Amino acid sequence: MTPNADRFLADLHMLRTFGGDDAPGSKGVRRRAFTDADLAARDLLADRFQEAGLTPHMDPAGNLFGLADAERSLLMGSHSDTQPEGGWLDGAYGVIAALEVARTAQEAGGPPISVVSFQDEEGRFGALTGSSLWSGKLSMEAADKLVATDGTTWPEARARIADRAGDWVDPARFNGFLEAHIEQGPVLDAADEAVGVVTGIVGLRQFHITVHGQQNHAGTTPMGMRKDAFTIAARIATALPDRFANVVTPQTVWTIGHIRLHPGSQSVVPGRAEFSLQWRDIAADRLDRMERVINDLLEEMSVETGCEITLDKLRHDLAPMPMDDAMQKALSDAAEEVAPGRWRSMPSGALHDASNLAGLMPVGMLFVPSINGISHAFEEDTKEPDLVTGVEVLARAVQRLG
């Protein structure tokens, strides 16, 4: 089972043209879930699946499968949607790598491989939406209440695939799941290592927090009499590092990635501030402790300022998830064979669809380096030899598992 590197790279570059940024030299991509670029890319993938002898099938969530003609097969893949300003490899690498391994296995008489591109992994409507629905962690009734930041509802989005969508694919037809991905961090690149075998995926918690202040005139309201919602939100943000100091490790992360002020005018003291607060760690008990710290801080700030502070829990079902031991061994053995001494075992600080599937079947993940650790940005990139090395490791791991 020797992958065709030229064929693999050609397909990977072809996928980038769907939603690709047209600035000279840019490899950036804008391919949000259910947009025209996303649906066109899925049509391309369906054609490629069919050419590879796989049966294309889109389910009600927009997940696109290329199904092997076998009662049982190994499922491989990732996602092909991007962040609003995303890179060309995040997710796409895993889908095209899976396609190349499936083609290689067919040509070499290897084990049957099915391929998937899950929908909305990047969270236009909620992190890992497509795989959450397929795995049963999220009901369609609950998903139908999801709304993107641009106001698009989930029902409006999935109405765009009404002519493409069929029934759900039974997870029982797959005997495991392998996902390849760029690391999205600096570890492999800094160490000049070729691949990482993932030991586990971090858990994630997220709050939507609203500070209810007092809207007022920006010119006539003395500073000492203001209930400025933004100032209170900023105080919460700057207090977090000290509050977390005795709880977290160097691998723990937290992020305020979205804030909205009301009414949003230069001459008005904001009466309401809404912001997201997300935190991630590989240990569930540490996530719990961080949640208690956040709740205590919000209560103290509310009492101190006299302002109501409310929160909604978002995505508290994403628990830390270890990878399957047999999958790790197959990947580790293959990595040592393809890139001796230039690989490591490592946790994933990013969420991936594999975490949702781990409750259904054995799951494994493989990383390739990200140059300078950059992802979720137009500058995201990986050296092509490293991309090819990852596919070769996958193919040899599949042989072992087969």
Side-chain angles (χ1 to χ4, degrees), residues 1-19 29 31 38-59 62-70 73-82 87-119 121 130-131 164 169 173-182 195 331 334 352-354 357 364-368 382 384 386-399 401-402:
M1 286 180 58
T2 303
N4 183 322
D6 291 338
R7 178 175 61 185
F8 158 69
L9 291 171
D11 277 345
L12 192 56
H13 283 287
M14 174 62 73
L15 187 56
R16 196 204 76 79
T17 64
F18 293 86
V29 178
R31 195 167 56 232
D38 170 59
L39 298 182
R42 287 175 186 277
D43 288 342
L44 168 78
L45 289 171
D47 290 342
R48 288 291 192 269
F49 292 169
Q50 194 152 23
E51 292 168 4
L54 305 171
T55 301
H57 180 89
M58 183 175 285
D59 72 14
N63 301 316
L64 178 65
F65 292 83
L67 299 173
D69 184 17
S73 61
L74 177 67
L75 183 64
M76 299 179 66
S78 189
H79 64 96
S80 52
D81 65 305
T82 74
W88 72 298
L89 296 171
D90 180 0
Y93 173 69
V95 175
I96 302 301
L99 173 60
E100 181 54 34
V101 173
R103 289 187 291 215
T104 301
Q106 279 198 0
E107 292 163 357
I113 307 295
S114 295
V115 182
V116 65
S117 172
F118 286 111
Q119 181 59 293
E121 192 271 358
S131 62
R164 295 172 170 89
V169 174
R173 69 181 291 161
F174 306 116
N175 49 35
F177 177 64
L178 269 179
E179 180 172 6
H181 211 279
I182 57 170
V195 292
L331 290 167
H352 299 286
D353 292 306
L357 274 63
M365 279 201 75
L366 185 79
F367 282 163
V368 294
T382 298
E384 290 194 350
D386 288 334
L387 297 174
V388 173
T389 295
V391 178
E392 292 174 347
V393 172
L394 283 176
R396 298 201 185 195
V398 165
Q399 279 186 295
L401 292 168

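Being a predicted model, the structure only gives us computed values, none of them experimental.
Summarising the geometry of Ala354 relative to Glu179, their closest heavy-atom pair is N-OE1, 3.1 Å, with the distance given to 0.1 Å. Summarising the geometry of Ser78 relative to Gly94, their closest heavy-atom pair is CB-CA, 3.9 Å, with the distance given to 0.1 Å. The heavy-atom pair separating Ser73 from Pro112 by the smallest distance is CB-O, 3.4 Å.
The backbone N or O of Ile182 lies less than 3.5 Å from no partner atom in the side chain of Asp90, so there is not a single donor-acceptor pair. No donor-acceptor pair closer than 3.5 Å links the side chain of Ser114 to the backbone N or O of Leu75. Side-chain atoms of Gln106 come within 3.5 Å of backbone N or O of Ala52 as a donor-acceptor pair.
Judged as a ring pair (Phe, Tyr, Trp, His ring centres under 6.0 Å), and not counting sequence neighbours, the contacts of Phe65 are Trp134. For Ala41, the side chain to side chain contact (heavy atoms under 4.5 Å, CB included) partners are Leu15, Phe18, Arg31, not counting sequence neighbours. Partners of Glu51 by side chain to side chain donor-acceptor pair (under 3.5 Å), not counting sequence neighbours: none found. Applying the ring pair (Phe, Tyr, Trp, His ring centres under 6.0 Å) rule to His181 yields the partners His79, His352; only residues at least two apart in sequence or on another chain are considered. With sequence neighbours excluded, the residues satisfying side chain to side chain contact (heavy atoms under 4.5 Å, CB included) with Ala102 are Leu54, Ile113, Val115. Remark: Gln119 engages Asp38, Arg42 in a side chain to side chain donor-acceptor pair (under 3.5 Å) (not counting sequence neighbours). Judged as a side chain to side chain donor-acceptor pair (under 3.5 Å), and not counting sequence neighbours, the contacts of Asp43 are Arg164. Taking the side chain to side chain donor-acceptor pair (under 3.5 Å) definition, one finds that Ser117 meets it with Ser80, sequence neighbours left out.
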Exercise for the section: Walk me through it: do Leu401 and Asn175 pass the test side chain to side chain contact (heavy atoms under 4.5 Å, CB included)? Expected result: CA-CA 10 Å; Leu401 292 168; Asn175 49 35; over 6 Å; no
Exercise for the section: Test Thr382 against Tyr93 for side chain to side chain contact (heavy atoms under 4.5 Å, CB included), laying out the working first. Expected result: CA-CA 10 Å; Thr382 298; Tyr93 173 69; over 6 Å; no
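Within the 4.5 Å cutoff, the side chain of Met1 has heavy atoms near those of the Val101 side chain. Taking the side chain as every heavy atom from C-beta outward, Leu357 and Phe174 never approach each other to under 4.5 Å. Side-chain contact between Thr104 and Asn4 is absent, with no heavy-atom pair separated by less than 4.5 Å. Contact check for Val116 versus Asp353: no side-chain heavy atoms found under the 4.5 Å cut-off. Residues Leu67 and Phe49 are not in side-chain contact: their nearest non-hydrogen atoms beyond the backbone lie 4.5 Å or more apart. Residues Phe8 and Pro3 are not in side-chain contact: their nearest non-hydrogen atoms beyond the backbone lie 4.5 Å or more apart.
For residues 92-103, the set of pairs meeting the salt bridge (charged side-chain N to carboxylate O under 4.0 Å, His left out) definition, not counting sequence neighbours, comprises Arg7-Glu100, Asp11-Arg103, Glu100-Arg103.
The CD1 atom of Ile96 sits 10.5 Å away from the CE atom of Met14 when rounded to the nearest 0.5 Å.
Within a 6.0 Å radius of CG in Asp47, more than 12 heavy atoms belonging to other residues, nucleotides or ligands are found.
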N/O donor to acceptor pairs below 3.5 angstrom from side-chain atoms of residues 386-398, sequence neighbours left out:
from   : atom 1 : to     : atom 2 : distance (Å)
Thr389 : OG1    : Pro385 : O      : 2.9
Arg396 : NH1    : Glu337 : OE2    : 2.4

